[in-house]
Structures are given as structure tokens and as C-alpha cells.
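Read through the structure below, which is laid out as C-alpha cells, and then see the notes.
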Amino acid sequence: MKTAIVGGGAAGFFLAINLKEMCPKMNVTIFEKSKKVLAKVEVSGGGRCNCTNSFAAVSDLSQVYPRGHRLMKRLFKTFDYRDAYDWFERRGVRLVTQDDECVFPASQDAHTIINLFLAEARRHAIDICTGHRITSLDELADYDFIAVTTGGGTASMAGVPVIEPVPSLFTFSINDEALCALMGTVVEEVTTYIPGTGFRASGPLLITHWGMSGPAILRLSSYAARELHEHNYQMPLAVNWTNRKDPEIMQELQEIINHHPQKQIATIRPFDLPSRLWTYLTEKALGERATNRWQNLNKKELNRLVNILCNDSYQIAGRAAFKDEFVTCGGVSLSAVNPNTLESRDRPHLYFAGEVLDIDGVTGGFNFQAAWTTAYTVAQAITSNMSNMGQT
Ligand SMILES: Cc1cc2nc3c(=O)[nH]c(=O)nc-3n(C[C@H](O)[C@H](O)[C@H](O)COP(=O)(O)OP(=O)(O)OC[C@H]3O[C@@H](n4cnc5c(N)ncnc54)[C@H](O)[C@@H]3O)c2cc1C
């Protein structure tokens, strides 16, 4: 029996290797349109490949998979992050878990993963046809099984319902010279949100020369990917710089007033905010009165300061890539596949795995984990389909 895998990326290789391990007699061919396989793995995680996550900080999969969390929960029963971790370690790739729960090869080099995949492909005699773009599944008519692992935004040839692909995981351009002058400033724990919507995200925020970046922005871009696209990346943005509610902020400012009435506002910073950011925020809230002493703040000014600390408003003016990284929100509709096997509901023996599906995660190794989990599921489904056909 023969299986064609369309796409020589993370999902394609993981599927091919597992399929050969499960049914060694299967002939497996990977078709890759470009000259090079595993190109994204090579550049992933800044060349280090953040290959999964410990999930220790994840209480609900919807936090990390804005699209596809229910399906991921179901498929994790078969192959989850612990299985992925063991899979690599059992094949000699030592992994390390960072303090932020991201998992990398101990070598800190994506080539460790690539070399493993290429060695396993050789060992299992998997055919790899590079420079071979599949434009229609009719080209693969003499294969018993087809698995499409073509990555984001590339499902058109499969003839299945597709949710329009749009980018996810990007940073925000903001036209605010005074803000952008603070480039390089990091605030460790902020909450960002899009007013009037339920989208909000917490984490570190980095001010850049074009606007804002960092996990609190990337997560928000992922949660609101489709709405941002629909609004042409022009939407309001609000930042809570303190991650606290108004009364708590008011109390902190009152305490400063009580203990340091004579000090200038610029010299005492609440919540340990970076000094240049504090100056920017006080000038935004108080204008020239920002040079005053704490005791001179009147009630109205105090309220303005509280408001800017927890509800600072901006206008998103466009999107920018994060170190060229983005994943695709959208792809093959999950309603078009059997959720247990990822086989097309319309066309038997046609399967999908990886980013081509309408599953995507936030940064932190979650996207590769989705590739491993879905690819493993398909390998298992093809194997069981084959044994049902009386072939082993
Ligand atoms: C710069 C960057 C860094 C990233 N870093 C991380 C990270 O550290 N951790 C993480 O979890 N995720 C990361 N991601 C996301 C991750 O790389 C993807 O989610 C993952 O590669 C998806 O795997 P895939 O096999 O589904 O698709 P891909 O890796 O995109 O592979 C699809 C392959 O199919 C081929 N193909 C497409 N159409 C055809 C066709 N018609 N015929 C033949 N071949 C075709 C493509 O050329 C490609 O090689 C990163 C993404 C980028 C862009």
C-alpha cells in the first residue's frame, strides 16, 4: 500500500516517520514543492526550535489554541506534549524546559530536530521528492492514502471547505512618536485588550520603534486575528500597565501622597514602572502639571492618572511581523474532517495534519505541538484503516 504526503514540513515528516513505525510495509512518499524540506523548522524559535511546551502554566487549552482547542483536547488523549517530549528523547534528542515552560532541544539548535527527521526518514526508506508541487490530488490517484500537510493558507487543492486564512501572531504599529521613543522598554506584567470586545491578554509588553510587541501583544493578535483582519488592522487598543484594578491603583497613589507629599511626581514611581514610561504616562495624563509635587495633585488629576495606568488608550494603525513569525488562523474547516481521525468527511482516505487545519496556537511551542499531535493522529488512523482493509 502507498501513502502520499503533500508537504515536507514538520507535520509531513512527523506523520511519515510514525506511519512507517506503525506499518513498516507502507510505501511512504513526501512531496515538497520547494528544493528544501523542513524550512520553517530551521528558522523556528530564532533557529533554536521551540518544539513544544510543558503546558504547566496552561489551565485551559483555549488560552493557547484560540482556534481548535476542543479538537486538541480530544486528540491529546492519543498524543500530547508528554508523548511528544518522550518521542524526541527516546530518539536521542535531549530537551530542556525553560523557566517560561517553553521546550527546546538542549543543543539550542533546530538542526538537531531536522537531522533526526532526515535520519529517521532515511532509516525507514521514506521517499522524499523535492521541487515537486502538487497542484491537484488527481496527480496522486494511484496512492491508497493521501495526507495533506501543506501548512498555512495552502489547502485549496484539496477541494474541502476552508475557513479563509488570515495571519496571526504579529505586533502592532502605533503612530505615537512619544511612545515609540521609549523603544526597548519592557513592562513585565501588563494586560492588553481591545475595548468593546472580549479580547484581552496578559504578559510582558515590549515597546518598539514601530509600536508594541511582546507576549501580551502577540497573544492579543492571536485571539483577535480575524476581527483585526476584518478591521484592516485599525482598531482601538487599551493597556493596563499595572495589571491592577482602579481602587488598588488609587490606594497606591494615595499612599505615595501620604508618605512623599513633597516629592516630585516624576521621582516616585508606583508599581516599579520603568522611569521613562512613568514620565511618558504622567505627561499624557497631566500635561505640564506632571512636573508638580505629589501633594499638588487635585482629585481630577488623580483620577486621570489612575485611568491612564489601568486604561491607557491607543489606536492600532497596522500589523507588523514578529521576527518574520506568524502562523495562519484559518485553513481546512474542522467540520470537514472526522475529529477522531482527521480524515475528510467527503473523501475517504484523504487526511489533513498540521497548520493546514483550522488550528493555531500562541507563541511558546504550541504550534509545533499541534503539528505533532495531528500528524500522529493521522498516522494512527491510516494504520487502522489499513488493517480494517485486511492489510498489515
Ligand atoms: C519564523 C517562524 C518561526 C516559528 N517558530 C516556531 C516555534 O519556535 N515553535 C512553534 O511551535 N511554532 C513556530 N512557528 C510556527 C511553525 O513553524 C508552524 O506552525 C509549523 O511549521 C507548521 O508545520 P506544517 O508542517 O503544518 O507546515 P509547514 O512547516 O509550513 O510545512 C508545509 C510544507 O508544505 C510545502 N507545500 C505547500 N504546498 C505544497 C504543495 N502544493 N505541494 C508540495 N508541497 C507543498 C511547503 O513548502 C512546506 O515545506 C514558527 C513559524 C515561523 C514562520
Side-chain angles (χ1 to χ4, degrees), residues 4-17 29-55 64-65 67-68 72 81 84 88 95 98 100-105 108-110 112-114 117 128-140 146-159 165 167-170 215 218 222 321-332 342 351-378:
I5 296 176
V6 187
F13 269 81
F14 203 75
L15 199 173
I17 294 162
T29 305
I30 297 176
F31 293 97
E32 167 54 49
K33 69 175 179 188
S34 58
K35 291 266 174 291
K36 197 171 172 183
V37 293
L38 298 164
K40 266 201 203 167
V41 176
E42 189 169 24
V43 295
S44 67
R48 297 191 299 137
C49 187
N50 179 191
C51 54
T52 185
N53 191 284
S54 76
F55 283 71
V64 292
Y65 291 110
R67 268 89 28 201
M72 286 301 290
Y81 48 96
F88 285 105
L95 300 175
Q98 295 184 165
D100 61 3
E101 308 301 339
C102 294
V103 177
F104 288 86
Q108 301 292 321
D109 185 351
T112 307
I113 305 287
I114 295 176
F117 283 170
I128 302 172
C129 298
T130 52
H132 194 132
R133 178 197 290 268
I134 301 296
T135 52
S136 158
L137 295 187
D138 295 344
E139 293 169 52
L140 305 172
I146 300 171
V148 176
T149 58
T150 46
T154 51
S156 52
M157 113 282 273
S168 175
L169 293 184
F170 44 84
L218 294 168
S222 172
F322 167 64
K323 293 184 194 155
D324 295 332
E325 173 172 354
F326 67 88
V327 296
T328 307
C329 151
V332 171
L342 306 181
Y351 298 82
F352 298 91
E355 211 181 306
V356 72
L357 287 163
D358 184 21
I359 301 176
D360 62 278
V362 298
T363 52
F366 301 106
N367 285 297
F368 278 135
Q369 183 58 53
W372 314 143
T373 296
T374 53
Y376 190 90
T377 300
V378 171

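One-based numbering, in listed order, for ligands and for the atoms of each. Computed over heavy atoms, backbone and side chain alike; hydrogens, waters and symmetry mates excluded.
No N or O atom of Phe326 sits closer than 3.5 Å to an N or O atom of ligand 1. The shortest N/O to N/O separation between Glu355 and ligand 1 falls below 3.5 Å. Of the N or O atoms in Gly45, one or more lie within a sub-3.5 Å distance of an N or O in ligand 1. The distance criterion of under 3.5 Å between nitrogen or oxygen atoms is met by Glu32 with respect to ligand 1. Taking only nitrogen or oxygen atoms, main chain and side chain alike, Phe368 reaches within less than 3.5 Å of ligand 1. Residue contacts with ligand 1: Ala10 is placed with a nitrogen or oxygen under 3.5 Å of a nitrogen or oxygen of the ligand (distance criterion only). Distances between N or O atoms of Val6 and those of ligand 1 include no value under 3.5 Å.
For the ligand labelled ligand 1, residue Gln369 lies outside the 4.0 Å heavy-atom shell. Taking a 4.0 Å cut-off on heavy atoms, Gly365 registers as neighbouring ligand 1.
Contact atoms of ligand 1 toward Thr149: 32 (C), 33 (C), 34 (O) (distance under 4.0 Å to a heavy atom of the residue). Residue Phe366 approaches ligand 1 through these ligand atoms, each under 4.0 Å from one of its heavy atoms: 11 (O). Proximity to Gly354 (heavy-atom distance under 4.0 Å) selects the following atoms of ligand 1: 26 (O). Which parts of ligand 1 touch Gly9 is read off a 4.0 Å heavy-atom cut-off, strictly below it: atoms 25 (O), 29 (O), 31 (O), 33 (C). When each atom of ligand 1 is checked for a heavy atom of Arg133 under 4.0 Å away, the hits are 41 (N), 42 (N). Each of the following atoms of ligand 1 lies closer than 4.0 Å to a heavy atom of Asn50: 7 (C), 8 (O), 9 (N), 10 (C), 11 (O). Listed by atom number, the atoms of ligand 1 under 4.0 Å from Val327 heavy atoms are 15 (C). Listed by atom number, the atoms of ligand 1 under 4.0 Å from Phe31 heavy atoms are 43 (C), 44 (N).
Residues Val41 and Ala10 approach most closely at CG2-CB, 4.0 Å, considering heavy atoms.
A side-chain donor-acceptor contact under 3.5 Å links Glu355 to the backbone of Thr328.
Residues Thr149 and Val356 have side chains not in contact (no heavy-atom distance under 4.5 Å, counting atoms from C-beta outward). Side chains of Met72 and Phe366 form no contact here, defined as non-hydrogen atoms less than 4.5 Å apart.
Once rounded to the nearest 0.5 Å, the distance linking CZ of Phe14 with OG1 of Thr373 reads 8.0 Å. If you take CD on Gln369 and OG1 on Thr52, they are separated by 3.5 Å, rounding to the nearest 0.5 Å. Of the inter-residue distances, the one linking Thr363 atom OG1 with Asn50 atom CG reads 8.0 Å to the nearest 0.5 angstrom.
Under the 6.0 Å cut-off for aromatic ring centres, Trp372 and Phe368 qualify, their centroids lying closer than that.
Within the set Val362, Leu38, Asn53, Val43, the minimum heavy-atom distance to atom 1 (C) of ligand 1 is found for Val43.
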